[in-house]
Enquirer: 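One structure, pasted below without further comment.
Computed over heavy atoms, backbone and side chain alike; hydrogens, waters and symmetry mates excluded. Within every chain, numbering begins at 1; the chains are lettered A, B, ... in the order of the sequence lines, protein sequences first and strands thereafter.
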There are 2 protein chains.
Amino acid sequence: MQNQLSHIKVAVDAIVFGYSKQDGVSVLLIQRKYPPFKNSWAIPGGFVLEHESLETAVKRELEEETGITVNYLEQLYTFGEPERDPRQRVIAIAYFGLVKASMYQELKASTDAENAQWFSIKKLPPLAFDHKQILQAAIARLRSKIRYQPIGFELLDKKFPFSDLEKLYTALLDKDINRRNFSKKILSFDFLEETGEVSKPDGKGRPSKMYQFNQKRYRELLKEGFHFEI
Amino acid sequence: MQNQLSHIKVAVDAIVFGYSKQDGVSVLLIQRKYPPFKNSWAIPGGFVLEHESLETAVKRELEEETGITVNYLEQLYTFGEPERDPRQRVIAIAYFGLVKASMYQELKASTDAENAQWFSIKKLPPLAFDHKQILQAAIARLRSKIRYQPIGFELLDKKFPFSDLEKLYTALLDKDINRRNFSKKILSFDFLEETGEVSKPDGKGRPSKMYQFNQKRYRELLKEGFHFEI
DNA sequence: TCAAAAGTGTTTCACTTACACCCATGA
DNA sequence: TCATGGGTGTAAGTGAAACACTTTTGA
């Protein structure tokens with residue numbers, strides 16, 4: 001095997017989720033400029049360079065195509081059916097990323113991102129290749145993972161009112177949540193801390209305390225055998 | 001992109017677990033015949049052919065190298081660090097497989113398997129490439145997955161005494177299990193059925209009822225929103 | 001002073017945990 | 001009849017679910 005060449009190409013894709021109170025959970029898509037599927041919406045991604053790690057490749061492609069930097073990234077699944085790309089055999093290692101609400105707002109301003117756009121996961125456009133299937137796998141991962149790992153905080157701002165967290169969970173889990181029991185449960189975990197600030201009420205109602213996720217405390221709890229579960 | 005060739009090669013690996021009361025949980029390894037890592041033990045696997053799906057490739061390689069057929073297979077993770085193979089860039093899509101106790105016994109008889117062998121996960125040999133890391137990921141997956149999905153039955157025979165299941169769980173989860181509460185919990189799920197048979201006691205003690213996993217009933221329960229958890 | 005949203009106390013109920021005892025078999 | 005492993009009943013403890021009430025703000 002003297003550096004043989006392969007007929008199979010290796011690509012990475014990035015399914016990036018963002019959140020806002022107005023639009024709920026959204027995913028970042030780009031519009032294709034060239035055939036096949038010209039002008040279709042697609043998941044950002046591209047081919048892996050010979051000496052670059054898979055994660056580096058995802059981050060690079062994401063930066064090039066959308067200008068976005070994620071604050072959470074994990075491997076999702078590898079899609080490799082022989083016919084998934086009509087041109088030639090391409091296997092795609094899909095990654096799952098999250099960005100904070102502040103980054104979500106910034107996309108509009110970026111110049112790299114002229115053909116990148118957020119789509120609410122409730123109103124998705126038709127997608128190129130097998131990207132519908134990939135996106136569905138990512139949404140399933142997000143929905144299940146948010147129940148046993150505190151990744152919800154990666155979608156909110158650093159400091160947030162408690163109701164934001166509750167709205168996020170309501171948006172992702174279908175059943176509606178009992179406000180009282182939800183707050184009792186989350187606060188009993190003891191990894192949220194009050195910042196001392198309060199939110200100015202937008203319009204009406206009592207202002208709420210601002211909280212932030214204490215990552216260090218969470219890691220300590222994990223070491224003690226703690227298990228997060230909603 | 002007219003069928004360009006890639007400098008990155010695509011391989012699949014299969015981490016297959018088996019179980020027996022004597023050896024506990026074991027993993028199937030092969031001894032390498034050629035350099036690099038000649039004579040080292042390694043996870044079975046090989047390169048993906050141009051027109052074959054990833055799953056087909058895993059099953060084919062497993063059959064060729066060990067003669068084993070799995071009754072459960074899922075994708076584990078894709079390993080793609082640039083330096084993981086000293087010869088050239090190879091990304092490996094690792095799969096996670098389980099075989100029933102009867103298949104576990106058969107390996108010894110198979111001729112294909114002259115250089116394949118079961119190793120207890122408690123006494124593992126040094127491994128080629130980054131296979132130690134891959135195997136650790138697989139063991140972690142098995143340990144965590146057995147808690148929220150009834151894959152334990154894929155490691156036992158079709159019919160088994162209850163204590164076999166208990167021993168399997170004791171072997172995988174570190175903490176020891178309260179026999180009474182474990183059986184109450186499993187039986188309350190209502191996907192195990194008595195076969196009417198009893199085991200002949202091997203040596204001593206009261207014979208036990210034989211049970212079998214009712215896959216159909218389990219699927220029904222899932223539809224009703226049932227959630228398995230130990 | 002009213003509507004809206006935040007914040008909190010308490011009872012009920014179900015399930016887990018812990019413990020103890022009985023049963024069937026071979027030697 | 002004894003040792004061994006299989007099979008089962010139940011009380012106590014813990015935590016989730018349900019519900020109702022109070023507080024703080026803007027209009």
Side-chain angles (χ1 to χ4, degrees), chain A residues 20-22 146-148 150 156-157 159-171 173-212 221 224-230, chain B residues 20-22 24 147-148 152 156-157 159-171 173-212 221 224-230:
Chain A
S20 72
K21 257 174 283 188
Q22 308 84 275
I146 203 166
R147 300 185 55 174
Y148 62 87
L156 302 177
D157 279 319
K159 300 175 182 180
F160 53 87
F162 203 89
S163 58
D164 271 19
L165 188 65
E166 193 193 318
K167 278 175 198 133
L168 173 60
Y169 271 87
T170 312
L173 313 175
D174 264 337
K175 61 176 180 185
D176 55 329
I177 293 169
N178 179 302
R179 191 167 51 94
R180 175 68 181 121
N181 294 333
F182 182 73
S183 87
K184 253 196 299 185
K185 183 163 215 165
I186 297 281
L187 291 177
S188 75
F189 290 147
D190 199 32
F191 53 53
L192 277 196
E193 52 193 24
E194 300 185 11
T195 66
E197 300 160 69
V198 291
S199 75
K200 31 183 180 306
D202 46 10
K204 46 205 168 186
R206 176 177 175 173
S208 57
K209 297 178 195 167
M210 298 295 274
Y211 288 90
Q212 63 189 20
L221 286 167
E224 296 165 17
F226 159 83
H227 176 66
F228 176 79
E229 180 111 39
I230 299 296
Chain B
S20 73
K21 258 175 283 191
Q22 307 84 274
R147 300 186 55 175
Y148 61 87
L156 303 177
D157 280 319
K159 300 175 181 182
F160 53 88
F162 203 89
S163 58
D164 271 18
L165 189 65
E166 192 194 319
K167 279 175 198 131
L168 174 60
Y169 271 86
T170 312
L173 312 175
D174 265 336
K175 61 175 179 188
D176 56 325
I177 291 169
N178 179 302
R179 188 167 52 93
R180 176 65 181 123
N181 295 334
F182 182 73
S183 86
K184 254 196 301 185
K185 183 164 215 163
I186 298 282
L187 291 176
S188 76
F189 291 147
D190 199 33
F191 53 54
L192 275 196
E193 52 192 25
E194 300 184 13
T195 66
E197 299 161 70
V198 290
S199 74
K200 31 183 178 305
D202 46 9
K204 47 206 167 186
R206 174 177 176 174
S208 57
K209 298 178 196 168
M210 299 295 273
Y211 289 90
Q212 63 189 20
L221 286 166
E224 297 165 18
F226 160 82
H227 176 65
F228 176 79
E229 180 110 40
I230 299 295

Enquirer: Check the angle between the aromatic planes of A:Phe189 and A:Phe226 and answer parallel, tilted or perpendicular using the 30° and 60° thresholds.
Expert: perpendicular
Enquirer: Between the base of C:dG7 and the side chain of A:Arg179, is there a donor-acceptor distance below 3.5 Å?
Expert: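 It does, because a donor-acceptor pair links the side chain of A:Arg179 to the base of C:dG7 below 3.5 Å.
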Enquirer: May I ask you to verify whether the side chain of A:Arg206 and the base of C:dG7 hold a donor-acceptor pair under 3.5 Å?
Expert: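 Side chain to base: no pair below 3.5 Å.
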Enquirer: Please report, rounded to the nearest Å, how far the C1' atom of C:dC22 is from the CZ atom of B:Arg180.
Expert: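 Nearest whole value for this atom pair: 12 Å.
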Enquirer: From CD1 of A:Ile177 over to P of D:dA18, roughly how many Å is that when rounded to an integer?
Expert: 13 Å
Enquirer: Answer whether the closest heavy-atom distance between the side chains of A:Ile230 and A:Ile146 falls below 4.5 Å.
Expert: no
Enquirer: Return the value, rounded to whole Å, for the distance between atom CG of A:Asn178 and atom P of D:dG15.
Expert: 18 Å
Enquirer: Could you tell me whether the side chain of A:Tyr211 reaches within less than 4.5 Å of the side chain of A:Glu194, counting heavy atoms only?
Expert: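 They are in side-chain contact.
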Enquirer: Taking donor-acceptor contacts at under 3.5 Å, does the side chain of B:Lys184 reach the base of C:dT17?
Expert: yes
Enquirer: Between D:dT25, D:dG6, C:dG7, which nucleotide gets closest to the side-chain atoms of A:Phe162?
Expert: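 When the side chain of A:Phe162 is considered, C:dG7 is the closest of D:dT25, D:dG6, C:dG7.
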Enquirer: Between C:dA5 and A:Lys209, is there an OP1 or OP2 to side-chain N/O distance shorter than 4.0 Å?
Expert: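 Answer no for this pair, as no side-chain N or O of A:Lys209 is under 4.0 Å from OP1 or OP2.
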Enquirer: B:Asn181 CG to D:dA11 P: how many Å, rounded?
Expert: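 Checked: the CG to P distance equals 15 Å.
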Enquirer: Could you state the atom-to-atom distance from CG of B:Leu192 to P of D:dG7 in whole Å?
Expert: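 Rounded to whole Å, this separation is 12 Å.
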Enquirer: So does B:Lys185 reach the base of C:dT17 with its side chain, donor to acceptor, closer than 3.5 Å?
Expert: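 There is none.
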Enquirer: Rounded to whole angstrom units, what separation is found between the CD1 atom of B:Ile186 and the C1' atom of D:dT8?
Expert: 17 Å
Enquirer: What is the ring orientation for A:Phe182 with A:Tyr169, classed by angle as parallel under 30°, tilted 30 to 60°, or perpendicular over 60°?
Expert: tilted
Enquirer: Taking the side chain of A:Lys204 as its heavy atoms from C-beta onward, which of C:dA4, C:dT25, D:dG6 lies nearest to it?
Expert: C:dA4
Enquirer: A:Asp176 has an atom CG; how far is it from atom P of D:dC19, in whole Å?
Expert: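 For the pair A:Asp176 CG and D:dC19 P, the rounded distance is 13 Å.
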